[in-house]
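Structure first, then comments.
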2 protein chains.
Amino acid sequence: MRSGVSKAERAREAAIPVLAEVFREHGYEGASLALLGDRTGLGKGSLYHAFPGGKAEMAEAVLDAIETWFETRIYAPLRDEPDPSVALDRMLTETDAYFRSGGRACLVGAFALTDGRDRFAVRIARYFTGWRDALAAALTRAGFNPGDAADRAEEAVSAIQGGLVLARALDDPAAFGRMLARLRPRLDPSEGATPGR
Amino acid sequence: MRSGVSKAERAREAAIPVLAEVFREHGYEGASLALLGDRTGLGKGSLYHAFPGGKAEMAEAVLDAIETWFETRIYAPLRDEPDPSVALDRMLTETDAYFRSGGRACLVGAFALTDGRDRFAVRIARYFTGWRDALAAALTRAGFNPGDAADRAEEAVSAIQGGLVLARALDDPAAFGRMLARLRPRLDPSEGATPGR
DNA sequence: CGTCGTCTGTACCGATCGGTACAAAATGGG
DNA sequence: CCCATTTTGTACCGATCGGTACAGACGACG
């Protein structure tokens, strides 16, 4: 620890987004160390120096990074932004950007469906409950009664995942945008009672 | 081919549901031949005798079986059932049963998200377009205008996938049932214009 | 510039991967 | 019962899996 941040730490931070992309594309089992090494440009030595726990620690670091990103960019604003409609708009905008308008899958959703489920169950569940609960809080402040807000929040989180699956399955990223468009009015209390189409 | 059906063919048919379950739980990469063999009770010899193409052929056979099941049990009724509301009710009931009320993931969705995407892209896309288009036809016959019907059909297929992801991520199968409950009124033209909640 | 801790490429580990070869065993028609 | 065919267990293949060991390259500090 000569300087403030060791090289290993910097390598770790730099590697995480790349690791995330590989896990996103191939799942946990499908992301081999060879692939992880190639894409990050790090040899095995460096990789294990930055992540002594191996592949499992890499996946955990990626999940932590994702959780932090959503917590600061989406969940916290949903809870704390004075104007809930601003927070809701921001959520939709940030979500669209994060998932590259449907061009990018959800790593957490992919892990939930298959191989990573048992291994990372706690983190996976926390990602979704965090989103759902923060969204429910915003919807309540926006004027929905708590029960309705909770229901719509779960619907929104579920719908986003569905949109990502469909966009990927049809190789049609625009399906994700259409899903967001359908979702938007349902999060608006003025349209919520009798949503038009 | 002494008798009408060879033993290999019978073994193949008997193995497919088990193979489906293993692929569902572990994904394509995660489902090893050892696991596939153990769960089907078939040795490598038998497995390769029934599926000469190996693991890829097993997955294809499973995807074909799934497509056939949905085609006969859901898509065809959606297209052909004289009373579209009967077909829609049947779709929801059959879907709930097929996915064990959220206790079972969707293999096609899991493949779409990760490892099987490139390998099985055509079959994956066909599964979803088949469902969406058959549903859109039923909704049109039920009274929605074609554009609205297509939109609601896409929404329904997407929502079902989202419900499965969420149910699995939260380890809360009931989330799938809640999603179906939200979906039902949106497929009903009498409630569709101003859906209550 | 020398030194010492950090970093990293490489060789290697046992296990397992998907797949093949093949001989023995089961099977069923004549 | 016989024999041809189908079915199956087992041994084995090269490749790759995740992970370890470690020697030497590197880099910051005295």
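Per chain, numbering begins at 1; letters A, B, ... match sequence-line order. As a basis for the values below, the full set of heavy atoms in this structure was taken, side chains included, without hydrogen atoms, waters or symmetry mates.
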I'd like a table of donor-acceptor pairs (distance under 3.5 Å, sequence neighbours excluded) in which one partner is a side-chain atom from residues 158-165 of chain A, with atom names and distances.
residue	atom	partner	partner atom	Å
A/Ser158	OG	B/Gly162	O	3.4
A/Ser158	OG	B/Gly163	N	3.1

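A straight line from CG of B/Leu42 to P of D/dT8 spans 6 Å, rounded to a whole angstrom. Distance, A/Arg12 CZ to C/dT6 P: 17 Å, rounded to whole Å.
Residues from residues 48-55 of chain B lying near DNA chain C, meaning a heavy-atom separation below 4.0 Å, are B/Tyr48, B/Gly54, B/Lys55 in numerical order. Residues from residues 24-33 of chain A lying near DNA chain D, meaning a heavy-atom separation below 4.0 Å, are A/Ala31, A/Ser32, A/Leu33 in numerical order.
The side chain to side chain contact (heavy atoms under 4.5 Å, CB included) search around B/Phe120 returns B/Tyr28, B/Ala59, B/Glu60, B/Leu63, B/Phe111, B/Ile124, not counting sequence neighbours. Checked against side-chain hydrogen bond (donor to acceptor under 3.5 Å, both in side chains), B/Glu25 has the following partners two or more places apart in sequence or in another chain: B/Arg39. Remark: A/Pro173 pairs with no residue by the side chain to side chain contact (heavy atoms under 4.5 Å, CB included) rule, at least two apart or across chains. Judged as a side-chain hydrogen bond (donor to acceptor under 3.5 Å, both in side chains), and not counting sequence neighbours, B/Glu13 has no contacts. Residues that satisfy the side chain to side chain contact (heavy atoms under 4.5 Å, CB included) test with A/Asp83, not counting sequence neighbours, are A/Glu81, A/Ser85, A/Val86. With sequence neighbours left out, the side chain to side chain contact (heavy atoms under 4.5 Å, CB included) criterion links B/Ala150 to no other residue. Taking B/Asp133 as the reference, nothing meets the side-chain hydrogen bond (donor to acceptor under 3.5 Å, both in side chains) condition, with sequence neighbours excluded.
Summary of the strand contacts: B/Ser46 and A/Leu36 both lie near DNA chain D, and taking for each the nucleotide with the nearest heavy atom, the more 5' one is attributed to B/Ser46.
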Between the protein and nucleotides 21-23 of chain C, list the N/O to N/O atom pairs that are separated by less than 3.5 angstrom.
none

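Residues A/Tyr98 and A/Val18 are members of separate hydrophobic clusters, defined by side-chain heavy-atom contacts under 4.5 angstrom among Ile, Leu, Val, Met, Phe, Trp and Tyr.
Note on residues 87-97 of chain B: pairs passing salt bridge (charged side-chain N to carboxylate O under 4.0 Å, His left out), not counting sequence neighbours, are B/Arg73-B/Glu94, B/Asp89-B/Arg184, B/Arg90-B/Glu94.
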